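A quick write-up on the structure given underneath.
Bear in mind the structure is a predicted one, so any value in this text is a computation, not a measurement.
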Amino acid sequence: MLVSYNWLRNYVNLDHVTPEELAEKITRSGIEVEGVEYLAPAVENIVVGYVKSCEKHPDADKLNLCQVDVGEESLQIVCGAPNVGEGQKVAVAKPGTKLPNGMKIKKVKLRGVESNGMICSLQELGLDEKYIPTDVAEGIFVFPEDAEVGTPVQELLNLDDAVLDLDVLANRPDALSMLGVAYDVAAVLDQPIHLPDENLNADESIQAEDYIDVKIDSIENNPYYGAFVIRDVEIKPAPLWMRNYLMASGIRPINNVVDITNFVLLEYGQPLHAFDYDRFGSKEVVIRQGKENETMITLDDQERQLNEKNLVITNGKEPVALAGVMGGADSEVTDETTNILLEAAYFDAASVRHTVKQTGLRSESSTRFEKGVDPNRVKRAGIRACSLLQKYAGGKVAAGVVEVDELDKSEKSVTITTSKVNQRLGMELDEKDVTSVLARLQFEFSKNGEEIVVQVPTRRLDISIFEDILEEVIRIYGYDHLPYTIPQGWVQAGGLTDVQLLQREIKNYLSSAGLMETLTYSLTNKQDASRFLTPDMEEGTANTVGLAMPMSEEHSHLRLSLIPEMLRVLQHNVARTQTDLAYYEIGKVFISEEEQITKQPIENLHVAGALTGLWHNHPWQQEKKPVDFYVAKGIVEGLFAHLELDVTFVQTKMEDMHPGRCAEIRLNGKGIGYVGQIHPLVAKDFDVKETYVFEINLESVFSVHQATPSFTDIPRYPSVTRDIAFILDNDVPAGEVQAVIKETGAPLVKEVSIFDVYQGEHMEEGKKSVAYRLLYQDPSRTLKDDEVETSYQAVVEKVNNQFGSYVRS
Amino acid sequence: MKEELQAIEQEALAAIEKAENSQAVQEMKVKYLGKKGSLTTVLRGMGKLSKEERPVIGELANNVRESITEALEAKTEKLEREALNEQLETETIDVTLPGNPVHVGGRHLLTSIMEEIEDLFIGMGYEVKEGPEVETDYYNFEKLNLPKNHPARDMQDTFFITNELLLRTQTSPVQARTMEAYQGKRPIKMICPGKVYRRDTDDATHSHQFRQIEGLVVDKNITLSDLKGTLDVFAKKMFGKDREIRLRPSFFPFTEPSVEMDVSCKVCNGKGCSVCKHTGWIEILGGGMVHPRVLEMSGYDSTVYSGFAFGMGQERIAMLKYGVNDIRHFYTNDVRFLSQYHQA
């Protein structure tokens, strides 16, 4: 809501507060002022001039030679505006003036003729073009005849006005009107309020009821409709002051009738609509719901399809307006209009909101109906408009209003006590601190012992309970007076849950391991949403969740894997010549078990990593190691070592992964994740080079992880190591052999590690040598050579039997 | 014999002193202490000595042997040290060359901010609660006093999945779920951090996905002053102990009264600059006293219990604290951005 400071002065005395101070006070006590802007920079030496004569320039077709009386003197001015003419009152910039656009006015010769000043357009005076009336947008501004020659235009055009931009939230529709703002400002400044003149001297010789009848078929959506009739209006520009206020409020002046309805809309917050009575099409207003397949053409010349949910104003035969949203083209006020049918009505917020949503038409009117208007101001706004039409459009207002009125206009009452106010605020206010706020807000109240019964005016739709009054008290009394305290009483040991601690631990580990944390979007495109599934998700039963109305295809579905968006991060960086990257992310994936989603999906927390480029790069020592499978796997192994969980890795194939370089990660025999190289074709799609990724479902980790590891005594007896090298077929996974060794050697074999892998020269075709180191240990005694030997032989025998291998000699 | 021994000692010590390398030292050892060495040779004549002389000469001989041995060892050590020094000199390297690079990873700036805020409130006895990101209309709106068709729903353009399911627009449903779980039977002190989603076009100040952190305290006799005091602690911890806060009225359907909190601008110290749009204050977060309807809906008797709640965008906090000028940086994950905040 744009609030003109000069306009506001009509209701509240602002003599002792500058626009900036006012903005600060309003912001601190009620409604946030987002900015203060002056309509135009201060200009001097621009005055009203009278064009005594206007002739064609002798040597230029498009220029005029004007003699302009500016009071003390008469100036000869060459003017190029198409609309300049003899007898006009115009804005004249005298020589020496600097215009807001920086132009300096000097005495010049134009095509040989002296020009001693400039006749200005509103744009040249610094007004924003979009608010300038269309009829003067292409030329100079012409003042009304009563403008006095020599008067500075600054004041006449309200150019010194400051406009406060109020951010009105949904709870304060009252502040969408000058009066509403005035009530608040009056309370804040502790000043009285001056209400506008609502006196109307109707022409008793004409009766509205002879001209129009009103019938409402949809009383729940339209509990009040008042029709006023104004005859013999003269369509012309509205008075200059009114046009000025409208422009300051961001509304372009059109003509006196339209401007008056807009003026009252802004002043009272009550939208009105003026129909051309003679083009209305009947003598009866019928308000009803729209019909299927019914159409109407709105003011913007668009044909609108109606349905039963639209409330429409009709002439008994066809719709003439979308109630509260937009009028129809057929009954619009035009330059030829002489008789007016003025509507002042109360339309239900939800009904208007529906039509706005359906049509996309949001206007100053519909915004106010959607948020709620003051039931006690509807008719008054109509009367106010009639009195202005009488005054500024020469109209004869017919006596009476034709109305249907089932509107609840009663005031709510709320009971409060000072002690309860203090209890909630944590303050020690006196009763009179509380009641003086109520008085400043012009809320009536009565006292009943401790209790204060507050009558809430209907303009304040937001107030209905004790807490609402509490807010009024503290905002007007001042938040600055609140003390600073910390909740006393009940205490608990705050903290993180085991799962939250574990997440931090995982972030600690991965950050220390050299990976950078990313945060990516949960929403991705449809295709990527269902790729790179961890093995706990079964294809077909893990469905993605799509948005009903996505903003774009790139963000239309919730992800089942963190990898695609992480690849996009790599892509972004690689494209910016950042080639060596190691990233991780912890975030949720969203799994729907239903094809057509009806209930909340499963949300599993995942950790994922993506690595590309060089892992180690030490150029002057010629040490360069690109990321490979084992780098990625090492990070995963380290993670589980850090968490003290045993996982195994099993060769696997996944659709988007390199067929020979991908391992499933298993915890207690259950697949919980994968690590491997993304398929080169997928890498190409994402514009990245060789890239390794891992992803793990952390929910499986959380379920088995023990926050407090139990103590294991440090071994006191020496250990024994034995090495064995097996010659294995190439396709035998070394890890499987390792597992068999461990199993067979248990309990004496504590650790089995691989320390050499050899293929090639001196090795039989299709074979490889893998060397294992076995660590034997017993926590309770020193091992004897023969028991180690027995165990060792058992291992050799078992492995050879199972894998068809033999021991390398 | 005595003279002989003393002469040997003198000669030996002088010779050892002159020895130039370990080989020479070895030769000295053989020459003086060896089986055929001069000392041994002299001692062979011990048998000829009298009973009285024998212990005296014996002691002297031992002293001489010890003295020579010590001299030999000292010389050996000295020579070895010299040799080592010489060798070390040749091992000199250029210490200005770069060392072996260590991969430095790190947390995302938003994680750091979130953990900092969490830790601050944990220190004040808050628990950290989380909830689903795909929420029901009921918990995201209705339970928070935003019935269907409430005009304030326009404030939050929502990603709907079905008529009843949506991406949460705020972390407040976690508060609603917690209150409901406690069934009005115990006080609450909690914060709930997490991702939220709104139908905004991504630009420098908007992101369709962002992170919030909200707080909720419910107990008997919780006051608006408690909220002010708590937020003051928060603001001073996050933005510096010299910061001031102010509360302004605002509107949220789930709180009444509702407030916005501003912090005095760090850049200009409240004097007014371009960062604070010349107001001296920067808007940080919203909050208020929990609306009695919200308490009642979750089983808390609003005549017995009262509470405050507050909520903020983590990105905004991070942007203000670290001067980040575009919210998209958080989600683009440019390594040159992320690595600026390793230790944030």
Closest contact, heavy atoms only, [X] versus [Y]:
| X | Y | result |
| --- | --- | --- |
| B:Leu224 | A:Tyr479 | CD2-CE2, 3.9 Å |
| A:Pro487 | B:Ile222 | CB-CD1, 3.8 Å |
| B:Val335 | A:Gln578 | CG1-OE1, 3.5 Å |
| A:Ser29 | B:Pro249 | C-CG, 3.2 Å |
| A:Val569 | B:Thr332 | CG1-O, 4.1 Å |
| B:His103 | A:Leu614 | NE2-O, 4.3 Å |

Choice from [options] maximising heavy atom contacts with chain A below 4.5 Å:
| options | answer |
| --- | --- |
| B:Phe121, B:Phe330, B:Phe160 | B:Phe160 |
| B:Glu130, B:His108, B:Arg199, B:Arg186 | B:His108 |
| B:Leu166, B:Asp219, B:Val102, B:Asn163 | B:Asp219 |
| B:Lys277, B:Glu115, B:Glu164, B:His278 | B:Glu115 |
| B:Arg211, B:Lys129, B:Met190 | B:Arg211 |
| B:Thr136, B:Leu110, B:Leu97 | B:Leu97 |

Are [X] and [Y] ion-paired here, with the side-chain N under 4.0 Å from a carboxylate O?
| X | Y | result |
| --- | --- | --- |
| B:Glu135 | A:Lys599 | no |
| A:Arg504 | B:Glu118 | yes |
| A:Asp480 | B:Arg248 | no |

Parallel, tilted or perpendicular for A:Tyr521 and B:His208, by the 30°/60° rule? tilted
Give the intermediate values and the outcome of side chain to side chain contact (heavy atoms under 4.5 Å, CB included) for residues A:His555 and B:Phe159. CA-CA 11 Å; A:His555 304 301; B:Phe159 284 120; over 6 Å; no
Verify whether one side chain among [X] and [Y] offers a donor that lies under 3.5 Å from an acceptor in the other.
| X | Y | result |
| --- | --- | --- |
| B:Tyr197 | A:Ser522 | yes |
| B:Asp334 | A:His572 | yes |
| A:Asn573 | B:Arg336 | no |

Rounded at 0.5 Å granularity, tell me how far [atom1] in [X] sits from [atom2] in [Y].
| X | Y | atom1 | atom2 | result |
| --- | --- | --- | --- | --- |
| B:Phe251 | A:Asp462 | CZ | CG | 8.5 Å |
| B:Ser258 | A:Glu471 | OG | CD | 5.5 Å |
| A:Glu517 | B:Asn333 | CD | CG | 9.0 Å |
| B:Asp262 | A:Thr27 | CG | OG1 | 9.0 Å |
| B:Thr279 | A:Glu32 | OG1 | CD | 9.0 Å |
| A:Met427 | B:Ser225 | CE | OG | 6.5 Å |

Side chain, backbone, both or neither: which part of [X] has a heavy atom under 4.5 Å from chain B?
| X | answer |
| --- | --- |
| A:Glu565 | neither |
| A:Arg172 | neither |
| A:Val491 | neither |
| A:Trp620 | side chain |
| A:Asn508 | both |
| A:Gln600 | both |
| A:Gln621 | side chain |
| A:His354 | neither |
| A:Tyr584 | side chain |
| A:Leu510 | neither |
| A:Ile31 | neither |
| A:Glu472 | neither |
| A:Pro550 | backbone |
| A:Gln492 | both |

Test salt bridge (Lys or Arg N to Asp or Glu O under 4.0 Å) on B:Glu260 and A:Arg475; report intermediate values, then the result. CA-CA 12 Å; B:Glu260 301 245 18; A:Arg475 78 180 178 91; over 6 Å; no
Can you tell me which residue among B:Asp226, B:Thr230, B:Asp232 is in a side chain to side chain donor-acceptor pair (under 3.5 Å) with A:Thr485? B:Asp226
Between B:Gln209 (side chain) and A:Thr520 (backbone), is there a donor-acceptor pair under 3.5 Å? yes
Is the shortest heavy-atom distance from the side chain of A:Thr598 to the side chain of B:Thr162 under 4.5 Å? no
When you compare the side chain of A:Trp490 with that of B:Lys189, does any pair of heavy atoms fall below 4.5 Å? yes
Taking every heavy-atom pair that is under 4.5 Å apart, which of [options] has the most such pairs with chain B?
| options | answer |
| --- | --- |
| A:Gly514, A:Ser552, A:Gly372, A:Gly587 | A:Gly514 |
| A:Leu523, A:Asp468, A:Leu519, A:Leu581 | A:Leu519 |
| A:Ala548, A:Ala23, A:Gly489 | A:Ala548 |
| A:Met549, A:Glu24, A:Gln500 | A:Gln500 |

Chain A heavy atoms under 4.5 Å from B:Asp202: which part of the residue, side chain, backbone, both or neither? side chain
Crowding at NZ, B:Lys236 (>12 non-hydrogen neighbours, <6.0 Å): yes
Residue A:Glu34 excluded, over 12 heavy atoms near CD under 6.0 Å: yes
